[in-house]
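The structure appears below as C-alpha cells.
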Amino acid sequence: EIMLQQTRAEVVKDYYLRFLQAFPDVQALAAAPEERLLKLWEGLGYYSRARNLQKAARMVVFERGGSFPDTYGELLTLPGVGPYTAGAIASICFERPVPAVDGNVLRILARMLALSEPIDAPAVKKRIARSLAAVYPEEDRGAFTQSLMELGATVCLPAGPPRCALCPLSPLCAAFQAGAALDFPKRREKKSRKAEKITVFLLSCRGKLAVRRRGESGLLAGLWEFPNEEGELFEQQALDLAARWGAAPLRLTKSQRRTHIFTHIKWEMTAYFIDCGAESSLFTWAEASELSKTYPLPTAFKMFLP
Ligand code: SF4
C-alpha cells in the first residue's frame with residue numbers, strides 16, 4: 001500500500017518483488033542500511049515514504065516486540081500510515097469494517113450520489129469515509145474494500161468515460177441514471193505549481209562525474225544529486241562557478257533543458273556538460289555505471305546521465 005501511493009500497480013510490481021527479496025521480514029527492513037533502502041526505492045519517488053516505512057518497521061520490532069498492529073487506530077500511529085493506508089491494511093489484512101478512501105473510491109461515490117460538493121475538500125472526504133464505514137458488510141470486508149478499488153481502476157475510470165454498461169452499481173448510480181457520469185466528481189480549483197529555475201552541472205573528469213549528497217531535510221532529502229545552483233546561469237557564468245569549485249573546467253561540451261514535475265513545484269532545469277581537469281574535493285566522483293548501481297539518484301537528475 002505504501003508503494004502504491006501515487007502510482008499504479010503495474011509500475012510497483014517489480015519494485016515490490018525486489019524489495020521483499022532484499023527485506024523478507026520486518027526485522028530485515030528495520031536493520032537495513034538507509035542507502036540500500038533508498039537505492040531499492042529509486043525511481044518510485046516520494047522517498048520519505050521509504051524512510052517512514054523503515055521507521056514503522058523499527059517501531060514494530062523495537063517497541064511492539066515484533067507484533068504488527070491490527071486495528072485502524074493503532075495502524076495510524078505508524079509513521080507514514082495515514083487514514084487511507086490504515087483503512088486498507090485494517091480491512092484487507094484484518095477484516096476490520098474500515099474503508100480505504102482514495103481517489104477511486106471518492107470518484108465512485110461522487111458519481112453514485114451525484115455529489116455537487118468537491119471531493120478534494122477534507123470535510124467532504126471525511127463525510128464520505130464515515131458514510132461508507134456505516135454500510136460495511138458483516139463479512140468479507142477486505143474483499144469489499146478491494147472491490148471498490150478494483151471498480152475504480154477498471155470500470156468507473158478516472159480518465160475518459162466510465163464503463164457504465166459493465167458496472168454492477170449502475171442501477172444505484174444517480175449520475176448514470178441522469179446521463180451525467182462525466183459531470184462528476186467535482187473538484188476545487190487547482191493552485192498552479194510554482195516553477196523554479198535550476199542550473200545543473202555534469203562535471204566530468206577522467207571518465208567520472210561529480211555528485212554530492214543533498215541535505216537531511218526538504219525535497220529529496222538525503223539523496224544524491226549533480227551539483228546545481230538556483231536560477232538559470234549563462235554558459236560563461238557556469239564555467240566560472242565550476243572554476244570557483246576547483247574543478248578546473250576545460251570546455252563546455254553540451255547543454256540540455258529539461259523539466260521535472262514534483263507535487264507542488266516544477267523544476268525548469270538547464271544542464272551544462274563540462275569537461276574538467278581536476279576532481280574538486282567538494283564532490284564525490286563516480287563513473288556513470290557506478291552512479292546507476294550504487295547511488296540513490298532521483299529521476300530529476302538521473303535523466304541527464306549519459
Ligand atoms: Fe461509475 Fe458508471 Fe458505475 Fe456509476 S454506473 S459507478 S458512473 S461506472
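In each ligand, atom 1 is the first atom listed, and ligand 1 is the first ligand listed. Count residues from 1 along the sequence. Predicted, not measured: the structure shown is a model, and the values here were computed from it.
The distance between the ring centers of W245 and F283 falls below 6.0 angstrom. For W267 and F262, the ring centers sit closer than 6.0 Å to each other. In summary, the aromatic rings of F304 and F226 are positioned with their centroids too far apart to meet the 6.0 Å limit.
Ion pairing of R213 with E216 is present here, as a side-chain N (NZ or NE/NH1/NH2) and a carboxylate O approach within less than 4.0 Å. Between R257 and E268 no salt bridge is recorded (no basic side-chain N to carboxylate O distance below 4.0 Å).
Contacts of C156 with ligand 1, taken as heavy-atom pairs under 4.0 Å, involve both backbone and side chain.
Among protein heavy atoms, atom 3 (Fe) of ligand 1 sits closest to C167 SG, 2.3 Å. In this structure, atom 4 (Fe) of ligand 1 lies nearest to the protein heavy atom C173 SG, 2.4 Å.
The shortest distance between side-chain heavy atoms of F273 and S204 does not fall below 4.5 Å.
Per-residue contacts place A181 under 4.0 angstrom from the following atoms of ligand 1 (heavy atoms of the residue considered): 7 (S). Atoms of ligand 1 found under 4.0 Å from any heavy atom of S170 (numbered from 1 in listed order, with element): 5 (S).
Proximity annotation for atom 7 (S) of ligand 1: of M112, R111, R163, R111 comes nearest, heavy atoms only.
Residue contact annotation: C164 places no N/O/S atom under 2.8 Å from atom 4 (Fe) of ligand 1.
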